[in-house]
Asker: 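Take a look at this one; I'll ask things after.
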Protein chains: 2
Amino acid sequence: MSDQDDLVFKALADASRRELLDVLRVKNGLTLGELCEGHEMSRQAVTKHLALLEEANLIVTQKQGREKFHYLNPVPIHGIYMRWIGRFEAHRMDALYNLKQALNTKTKTKTKTKTRKDKK
Amino acid sequence: MSDQDDLVFKALADASRRELLDVLRVKNGLTLGELCEGHEMSRQAVTKHLALLEEANLIVTQKQGREKFHYLNPVPIHGIYMRWIGRFEAHRMDALYNLKQALNTKTKTKTKTKTRKDKK
DNA sequence: TGCATATGCAACCATTTGGTTACATAATTG
DNA sequence: CAATTATGTAACCAAATGGTTGCATATGCA
């Protein structure tokens, strides 16, 4: 998992940034002022969030005169799905079954597992 | 998007926590000591990460004697995919095309868009 | 060409985060 | 039953984060 993926996960960690992506998913190509609508935070705070989204390649921007347009780029989100999130789908049903089995088995037969000393 | 989803996104923002989930995806039901292997950070740091994963319901734990077993719960990851990430898949191809069109159109015909004053 | 609008940049601040060290408690083992 | 092992808890610290306020620059409009 690359540094770029790390940027994507970090960018998505904040609810405000996900909301900005939600807005762009519904209506792409908005200016900073338009994106500020519906948000209580200051324009400079929105600008900071957009910078992180841009750094993660989740949006691309286009300056025209004094206006800056922001466009959604869904490719990195697809990327983390393909490279990481999707791997948890493959055995989602399996995992639930195995979890139940494991819990039942361990409750009945206490298993011994090797452990490691603290790293101090 | 619920507070629980927010916890999931925040939990996944850290590379160390994603690595812990990777380990459990390959081999479920590990103890703290086993999970500490392969990580340079202290046992207490790993414990902190596991607490956040548990708070986000990404893992469930089972205490047996002095040992604690950790099991992967892929349901919340599936949940954020169904409720949020997947929405970006639906028009991933569309979005790329529309982005290109939008950039081309705006380059040729400068459009005026209403903006809002700063919220001070 | 002055005014209005859109955006950029910087400094600041409180909170959160990610890690460490130290000590404590509980369970297991020889 | 003492020693060992596994885990829990707390305090501490530096860095990162998420927001604000203030001022500056660039562009568009009347």
Side-chain angles (χ1 to χ4, degrees), chain A residues 3 6-21 29-56 59 61-70 106-107 109-120, chain B residues 3 6-20 29-56 59-70 106-107 109-120:
Chain A
D3 290 340
D6 198 46
L7 287 173
V8 172
F9 276 106
K10 278 180 160 57
L12 299 182
D14 185 79
S16 297
R17 290 194 288 276
R18 295 198 301 273
E19 280 165 24
L20 289 169
L21 292 177
L30 297 181
T31 63
L32 173 57
E34 289 166 330
L35 286 166
C36 288
E37 292 174 15
H39 289 83
E40 292 304 310
M41 75 183 81
S42 69
R43 173 183 58 81
Q44 291 83 350
V46 174
T47 295
K48 276 193 170 187
H49 285 306
L50 291 170
L52 290 176
L53 291 174
E54 189 166 9
E55 186 185 12
I59 62 171
T61 59
Q62 172 104 335
K63 200 73 178 296
Q64 283 191 14
R66 66 187 182 187
E67 290 179 325
K68 195 174 191 180
F69 296 92
H70 303 79
K106 279 191 162 65
T107 300
T109 70
K110 281 180 178 174
T111 55
K112 267 185 152 169
T113 57
K114 280 179 182 170
T115 60
R116 223 182 109 153
K117 280 172 181 161
D118 282 354
K119 291 194 291 293
K120 293 280 187 185
Chain B
D3 290 342
D6 199 46
L7 287 174
V8 173
F9 276 107
K10 278 180 159 56
L12 298 182
D14 185 78
S16 298
R17 291 195 287 275
R18 295 198 301 274
E19 281 164 22
L20 290 168
L30 297 182
T31 64
L32 172 59
E34 289 167 330
L35 286 165
C36 287
E37 293 174 14
H39 287 83
E40 292 304 310
M41 77 183 81
S42 69
R43 172 183 59 82
Q44 291 83 352
V46 174
T47 295
K48 276 192 171 186
H49 284 306
L50 290 170
L52 291 175
L53 291 174
E54 189 166 8
E55 187 185 12
I59 63 173
V60 296
T61 59
Q62 172 104 335
K63 199 68 177 295
Q64 285 191 13
R66 68 185 179 186
E67 288 178 326
K68 195 176 190 180
F69 296 91
H70 302 79
K106 277 189 163 63
T107 303
T109 71
K110 281 179 180 176
T111 57
K112 268 184 154 173
T113 58
K114 280 180 182 172
T115 59
R116 222 182 110 157
K117 279 171 178 160
D118 282 354
K119 289 194 294 292
K120 294 283 188 183

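All figures in this text were calculated on a predicted structure; none of them were measured in a lab. Within every chain, numbering begins at 1; the chains are lettered A, B, ... in the order of the sequence lines, protein sequences first and strands thereafter.
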Asker: Which heavy atom of A:Leu53 sits nearest a heavy atom of A:Leu20, and at what distance?
Answerer: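 Nearest heavy atoms, A:Leu53 then A:Leu20: CD1-CB, 4.1 Å.
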Asker: Send over the distance from B:Phe9 CZ to C:dT17 P, rounded to a whole Å.
Answerer: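 Rounding to the nearest Å, CZ of B:Phe9 and P of C:dT17 are 16 Å apart.
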Asker: Would you name the heavy atoms of B:His49 and B:Ser16 that are closest together and state the gap between them?
Answerer: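 Reported closest heavy-atom pair: NE2-CB, 3.9 Å.
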Asker: Write down the distance between CG (B:Leu20) and P (C:dG18), rounded to a whole number of angstrom.
Answerer: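 The answer, rounded to whole Å, is 12 Å.
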Asker: At less than 4.0 Å, is any side-chain N or O atom of A:Lys68 found next to OP1 or OP2 of D:dT27? Yes or no.
Answerer: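 It does not, given that no N or O in the side chain of A:Lys68 lies less than 4.0 Å from OP1 or OP2 of D:dT27.
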Asker: For B:Leu32 and C:dA26, what is the distance between atoms CG and C1' respectively, to the nearest whole Å?
Answerer: 15 Å
Asker: C:dT5 C1' sits how many Å from A:Glu67 CD, rounded?
Answerer: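 One finds 9 Å between C1' of C:dT5 and CD of A:Glu67, rounded.
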Asker: Search all heavy atoms of B:Leu52 against all heavy atoms of B:Arg17 and return the closest pair with its distance.
Answerer: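 Reported closest heavy-atom pair: CD1-NH1, 3.4 Å.
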Asker: Can you tell me the distance, in whole Å, between the CD atom of B:Glu37 and the C1' atom of D:dT7?
Answerer: 16 Å
Asker: According to side chain to side chain donor-acceptor pair (under 3.5 Å), who are the partners of B:Glu19, at least two apart in sequence or on a separate chain?
Answerer: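 Partners of B:Glu19 under the side chain to side chain donor-acceptor pair (under 3.5 Å) test: none.
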Asker: Looking only at heavy atoms, what is the nearest atom pair of B:Asp6 and A:Ala15, with distance?
Answerer: OD1-CB, 3.8 Å
Asker: Listing time: all N or O pairs from protein to nucleotides 14-20 of chain D that are below 3.5 Å?
Answerer:
residue, atom, partner, partner atom, Å
D:dG18, OP2, A:Arg17, NH1, 3.2
D:dG19, OP2, A:His49, NE2, 2.2
D:dG19, N7, A:Lys48, NZ, 3.1
D:dG19, O6, A:Lys48, NZ, 2.4
D:dT20, OP2, A:Ser42, N, 2.6
D:dT20, OP2, A:Ser42, OG, 2.7

Asker: Kindly say whether, by distance alone, the side chain of B:Arg66 makes a donor-acceptor pair under 3.5 Å with the base of D:dT5?
Answerer: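 Donor-acceptor pair under 3.5 Å: yes.
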Asker: Can you give me the closest heavy-atom contact between A:His70 and A:Thr31, atom names plus distance?
Answerer: ND1-C, 4.0 Å
